[in-house]
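In what follows, residues are counted from 1 in the order of the sequence shown. Nothing here was measured: the structure is a model prediction, and the numbers come from that model.
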Amino acid sequence: MRTSGNNTTAILGREDKPFATITNALNALPASGGVVKIGIGVSAFSPITQAFMKDNVAFIGEQTPQFHINNLYLTNGTVIQGPFNFTNNNISLIRLGIDSGPNVVTNVYGGTPQDAIIVGSSPTAAQRFTVRDVVSLGNGSAANAVHLLSFEGNNNVSVQGFEGRGGHHGLVIKSSGANVSDVVIRGAYAEGVFIKSGNATGQRAANINLNNIRVESMSATVNDTGDAFRMEANQGIEIVNVNVNNFTSTNTQNGVYMLAINTGAGGQATNRISNVSFNNLNVTVGTNGYAFLSQGAARNIKVNNAVIQGGINGVNVGAFWGGDQPDNFQFSNIQQSGATNGW
């Protein structure tokens, strides 16, 4: 598919006879799916396009685009105007960008902010989703809760190489079986990485591996990102078996925040965060922020090799409103500086 193509003369499988739109390229694929190759330029994934989505489709771009110097739009590559939102199985995004940034929001959606990429929405959840060398641009703020890349109720997620800028939420995982590596999130208003359970049937967060993750603010002087890393267990659905290796955050308001709220009947702590390990953790936070905070029934938490800088509180582990007790936290080789209250 190329923006210079022709939907009338296009022939499926003929790169010299490309389609002009993603909609027509998808419509031409068999029910079993296939590959949609997309050239350099700007195309759109509209609600009409979404109606033609099939299982087992790989969207392969010619070149991963770049961010405009002021993060207004994506350029110099394969650009798809967002939102890219679907529940189909076995979908791949490779070497392209999803643009739901300020220019698209203004010129295409009349000022209404849009998500960039959302995969699945329980109880109907997409299975098997792959991201390779993809970027996304959002236009989030305190009032615009849009996502840069969100997995909701999925199984078998693989991400290798992703950068997102400007969302309200950055990388959101409400799924099981996720392997994520080489990710950069910049300027996500609420949080850079958000692992969450609950909200809808099937949104259990489990068996998640994160490697080489960097979260930072857009500006070197303004903390425009909230929590660098947030975990939140809700509605009796636990978060379990999460491994984080080589996580760095710079100039965010807060560092790591784990919240497990007790909503169980009779005082039972049904919302638990358990079996979580951080290895090589480096967080630098704002003056009034917290570097590492856990509230509620978080258990079997290991932090090894950490540099924690700044904040009003350095490391703080406690109950949530007098209940939901934490248990078995292990810290080793921790360097902490700059926090007003320390441990």
Side-chain angles (χ1 to χ4, degrees), residues 170-171 173 178-186 188 190-196 205-217 220 223 225-233 238-261 269 271-321 324-343:
L171 169 65
I173 302 175
N179 292 289
V180 179
S181 64
D182 303 319
V183 169
V184 178
I185 303 293
R186 298 188 66 197
E191 64 282 306
V193 176
F194 191 11
I195 299 177
K196 186 177 183 180
N207 306 320
I208 297 167
N209 297 298
L210 302 176
N211 295 282
N212 302 326
I213 313 295
R214 187 169 83 249
V215 176
E216 57 192 22
S217 292
N223 302 126
T225 297
D227 300 331
F229 186 101
R230 182 183 180 98
M231 302 179 71
E232 183 177 315
E238 66 179 352
I239 298 174
V240 62
N241 299 334
V242 178
N243 298 300
V244 183
N245 295 290
N246 301 323
F247 182 92
T248 301
S249 69
T250 304
N251 200 34
T252 59
Q253 293 179 28
N254 304 304
V256 175
Y257 182 29
M258 296 190 294
L259 176 63
I261 307 169
N271 294 331
R272 293 189 177 92
I273 298 173
S274 61
N275 301 337
V276 177
S277 67
F278 294 91
N279 190 49
N280 297 329
L281 175 69
N282 191 323
V283 296
T284 303
V285 302
T287 303
N288 296 317
Y290 45 79
F292 189 102
L293 174 63
S294 177
Q295 293 182 302
R299 305 177 180 189
N300 303 326
I301 312 298
K302 296 180 180 180
V303 181
N304 181 48
N305 295 333
V307 177
I308 298 173
Q309 302 178 71
I312 193 168
N313 289 306
V315 176
N316 190 327
V317 176
F320 185 77
W321 293 342
D324 292 349
Q325 296 296 321
D327 183 48
N328 192 24
F329 276 69
Q330 300 178 32
F331 294 90
S332 61
N333 194 21
I334 310 298
Q335 300 177 47
Q336 181 179 320
S337 63
T340 303
N341 296 325
W343 286 72

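Remark: N212 CG to S181 OG distance equals 7.0 Å, nearest 0.5 Å. With rounding to the nearest 0.5 angstrom, the CG atom of L281 is 7.5 Å from the OG atom of S249. Distance CD1/I308 to OG1/T284: 10.0 Å, rounded to 0.5 Å. Atom CE of M231 and atom CD of E191 lie 13.0 Å apart (nearest 0.5 Å). Atom-to-atom distance recorded for N211:CG and N246:CG is 7.0 Å, nearest 0.5 angstrom. In this structure, the separation between CG on L171 and CG on L210 is 7.0 Å, given to the nearest 0.5 Å.
Side-chain contact between I173 and F194 is absent, with no heavy-atom pair separated by less than 4.5 Å. The shortest distance between side-chain heavy atoms of V242 and N275 does not fall below 4.5 Å.
In this structure, the side chain to side chain contact (heavy atoms under 4.5 Å, CB included) partners of N254, at least two apart in sequence or on a different chain, are D227, Y290. With sequence neighbours left out, the side chain to side chain contact (heavy atoms under 4.5 Å, CB included) criterion links N305 to N279, N280, N333.
The minimum heavy-atom distance between F329 and S294, with the atom names listed, is CZ-OG, 3.4 Å. Closest approach of G192 and V215 over heavy atoms only: CA-CG1, 3.8 Å. Scanning both residues, N251 and S217, for their nearest heavy atoms gives O-OG, 2.6 Å. Shortest non-hydrogen contact noted between I195 and A205 is CG2-CB, 3.8 Å. The two residues A228 and T252 have their closest heavy-atom pair at CB-OG1, 3.8 Å.
A donor and an acceptor atom, one from each side chain of N304 and S332, are located under 3.5 Å apart. In summary, the side chains of N300 and S274 do not present any donor paired with an acceptor at a separation below 3.5 Å, with no hydrogens or angles considered.
For T248 (side chain) and R214 (main-chain N/O), no donor-acceptor pair under 3.5 Å exists by modelled atom type.
In this structure, F229 has its ring center no closer than 6.0 Å to that of Y257.
A salt bridge is absent between R272 and E238; no separation between the charged side-chain nitrogens and carboxylate oxygens falls under 4.0 Å.
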Practice task
For the pair F247 and N282, evaluate side-chain contact (heavy atoms from CB on, under 4.5 Å) and give the outcome as yes or no after the intermediate values.
Solution key: CA-CA 6 Å; F247 182 92; N282 191 323; over 6 Å; no

Problem - side-chain contact (heavy atoms from CB on, under 4.5 Å) between V244 and I213, worked out - result: CA-CA 9 Å; V244 183; I213 313 295; 5.5 Å; no

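With I273 as the partner, the side chain to side chain contact (heavy atoms under 4.5 Å, CB included) test is satisfied by one option alone out of R299, E232, M258: M258.
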